[in-house]
Amino acid sequence: MNKLNIVLFGPPGAGKGTQSEFLIKKFGLVHLSTGDLLRAEIKDETPLGLQAQEIMSRGELVSDHIVIGMIRNRIDANNTAPGFIFDGFPRTKAQAEALDEMLNAKSQPITAMLALEVPGPELVRRLLKRGETSGRSDDRDEQVIANRIAEYEQKTSPLKDYYSAQGKYKGINGVGSVADITERLVEVIG
Ligand code: AP5
């Protein structure tokens, strides 16, 4: 049986984490968020976490080598899963190519890239609001949020072309109620 492997894509604050929660329940998928995995390393004060912390606090991307290794371990540890939601990964062409290589080797390719589309001012508003309570330092400073969005525009957004070339890119309006957006995603997944 074909596995359902979804790349949930979008800029910082687009709602990837929020929507993943609903989709993993509905489709029984394993949620792989590189942001969550990195924050767990920081919390545990591992060498990797200490290295990543400074980069994340500036709103820059952690090295491809680190995040690809983390994802590879999690895919291998969940061989029997019905599929994955990749949240915040891939973020560069090198990451996308590595992911294709890992999944194709298991004959379980990416099914679709679902891209949540949200205008810049709404992203900033959402992230600053979360920054009031989340404890995430990268949500509290408008300059860091701007850096995260700039990193997305420069390094991550081009992946839309990468997945379009494979016929897998699907843009979804990410503005509205959380439930309405979930419905839009579920409709596209089919
Ligand atoms: P990561 O943790 O992936 O953060 P992000 O991409 O900046 O995304 P967010 O988690 O902030 O946003 P989201 O799209 O998940 O939205 P959410 O649902 O949370 O990455 C953090 C850092 O780690 C990066 O900057 C980088 O340094 C590093 N990193 C991670 N992955 C990496 C990789 N692959 N390569 C290199 N470096 C990597 O929602 C945001 C807020 O909006 C919430 O408060 C939510 O309640 C609210 N919200 C959600 N939906 C709606 C809605 N419909 N209406 C109103 N508010 C909403």
Side-chain angles (χ1 to χ4, degrees), residues 6-24 31-43 48-75 84-100 102 113-159 162 172-185:
I6 302 286
V7 172
L8 194 52
F9 193 79
K16 304 180 294 290
T18 304
Q19 293 299 330
S20 290
E21 275 184 41
F22 294 96
L23 297 179
I24 54 171
H31 181 207
L32 293 184
S33 157
T34 38
D36 287 351
L37 294 172
L38 288 166
R39 279 185 290 275
E41 299 277 347
I42 291 172
K43 189 161 169 264
L48 193 157
L50 294 174
Q51 204 183 327
Q53 184 165 30
E54 215 180 297
I55 300 168
M56 290 169 74
S57 70
R58 290 197 299 265
E60 293 167 10
L61 294 188
V62 174
S63 82
D64 287 335
H65 173 73
I66 289 180
V67 289
I68 289 169
M70 286 186 350
I71 287 287
R72 189 186 301 281
N73 288 343
R74 297 317 190 284
I75 290 176
F84 296 98
I85 289 196
F86 298 96
D87 162 3
F89 182 93
R91 267 172 142 104
T92 62
K93 187 152 179 263
Q95 293 178 22
E97 286 170 347
L99 182 60
D100 272 351
M102 288 178 232
M113 179 232 231
L114 308 183
L116 292 168
E117 291 163 353
V118 178
E122 169 72 4
L123 299 174
V124 175
R125 196 186 61 76
R126 287 183 188 178
L127 294 174
L128 284 174
K129 187 166 174 228
R130 183 174 60 185
E132 291 167 12
T133 53
S134 70
R136 267 181 69 165
S137 67
D138 61 346
D139 282 345
R140 274 192 293 245
D141 182 324
E142 213 162 334
Q143 185 54 51
V144 173
I145 291 175
N147 281 351
R148 287 160 67 193
I149 294 174
E151 286 279 84
Y152 170 81
E153 294 298 344
Q154 283 165 26
K155 298 177 183 164
T156 307
S157 176
L159 293 185
Y162 180 89
I172 312 271
N173 177 5
V175 179
S177 75
V178 170
D180 283 351
I181 297 163
T182 308
E183 225 171 274
R184 289 173 206 154
L185 289 164

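One-based numbering, in listed order, for ligands and for the atoms of each.
- Counting the atoms of ligand 1 from 1 in the order shown, those under 4.0 Å from a heavy atom of Gly176 are 52 (C), 53 (N), 54 (N).
- Less than 4.0 angstrom separates some heavy atom of Arg39 from each of these atoms of ligand 1: 2 (O), 21 (C).
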Go through the steps for Lys93 and Asp64 under the test salt bridge (charged side-chain N to carboxylate O under 4.0 Å, His left out), then give the verdict.
CA-CA 10 Å; Lys93 187 152 179 263; Asp64 287 335; over 6 Å; no
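- Considering backbone and side-chain N/O atoms, Pro12 never comes within less than 3.5 Å of an N/O atom of ligand 1.
- Judged by distance alone, the side chain of Arg184 and the main-chain N or O of Asn173 form a donor-acceptor pair under 3.5 Å.
- Proximity of a side-chain donor or acceptor of Gln53 to a complementary backbone N or O of Ile42 within less than 3.5 Å is not detected.
- With ligand atoms numbered from 1 in the order given, ligand 1 contributes 33 (C), 34 (N), 35 (N), 36 (C) to contacts under 4.0 Å with heavy atoms of Gln95.
- Of the protein's heavy atoms, Gly15 N, 3.0 Å lies nearest to atom 16 (O) of ligand 1.
- A donor-acceptor pair under 3.5 Å is formed between the side chain of Gln19 and the backbone N or O of Val178.
- Of the protein's non-hydrogen atoms, the one nearest atom 12 (O) of ligand 1 is Gly13 N, 2.9 Å.
- Every N/O-N/O distance between Asp87 and ligand 1 stays at or above 3.5 Å.
- Interface of Ala14 with ligand 1, defined as ligand atoms under 4.0 Å from a residue heavy atom, comprises 14 (O), 16 (O).
- The backbone N or O of Lys155 sits nowhere less than 3.5 Å from a side-chain atom of Arg91 that would complete a donor-acceptor pair.
- For atom 29 (N) of ligand 1, the choice among Leu38, Asp138, Thr18, Thr34 with the nearest heavy atom turns out to be Leu38.
- The pair Arg125-Glu122 counts as a salt bridge, with a side-chain nitrogen and a carboxylate oxygen less than 4.0 angstrom apart.
- In terms of polar-atom proximity, Val67 is not counted as a contact of ligand 1, lacking any N or O under 3.5 Å from an N or O of the ligand.
- Remark: the backbone N or O of Ala115 is not paired with any side-chain donor or acceptor of Lys16 at under 3.5 angstrom.
- What sits closest to atom 37 (N) of ligand 1 on the protein, heavy atoms only, is Val62 N, 3.0 Å.
- Close contacts between ligand 1 and Gly17 involve ligand atoms 13 (P), 15 (O), 18 (O) [criterion: under 4.0 Å to a heavy atom].
- Taken from CG in Leu127 to CG in Asp141, the straight-line distance is 12.0 Å, to the nearest 0.5 Å.
- Heavy-atom proximity to atom 22 (C) of ligand 1, evaluated over Arg126, Met56, Lys16, Arg136, is greatest for Met56.
- For atom 27 (O) of ligand 1, the nearest non-hydrogen atom from the set Gln53, Lys129, Glu60, Glu21 comes from Glu60.
- Nearest approach of Ala96 to Leu159, heavy atoms of both residues: CB-CD2, 3.9 Å.
- For Arg126 (side chain) and Gly13 (main-chain N/O), a donor-acceptor pair under 3.5 Å exists by modelled atom type.
- For ligand 1, the atoms lying closer than 4.0 Å to a non-hydrogen atom of Ile181 are 53 (N).
- The proximity of Leu127 to ligand 1, defined as any non-hydrogen pair under 4.0 Å, is limited to the side chain.
- Looking at Arg91, Lys155, Glu151, Arg58 and measuring to atom 20 (O) of ligand 1, the nearest heavy atom belongs to Arg91.
- Near Pro11, with a cut-off below 4.0 Å to any heavy atom, the atoms of ligand 1 are 14 (O).
- Inclusion of Arg130 in the set of residues having an N or O under 3.5 Å from an N or O of ligand 1 is warranted.
- Atom CD1 of residue Ile24 and atom CG of residue Leu32 lie 10.0 Å apart, to the nearest 0.5 angstrom.
- Considering backbone and side-chain N/O of Arg148, one or more are found under 3.5 Å from N/O of ligand 1.
- Between Ala98 and Ile68, the shortest heavy-atom distance links the atoms CB-CD1, 3.7 Å.
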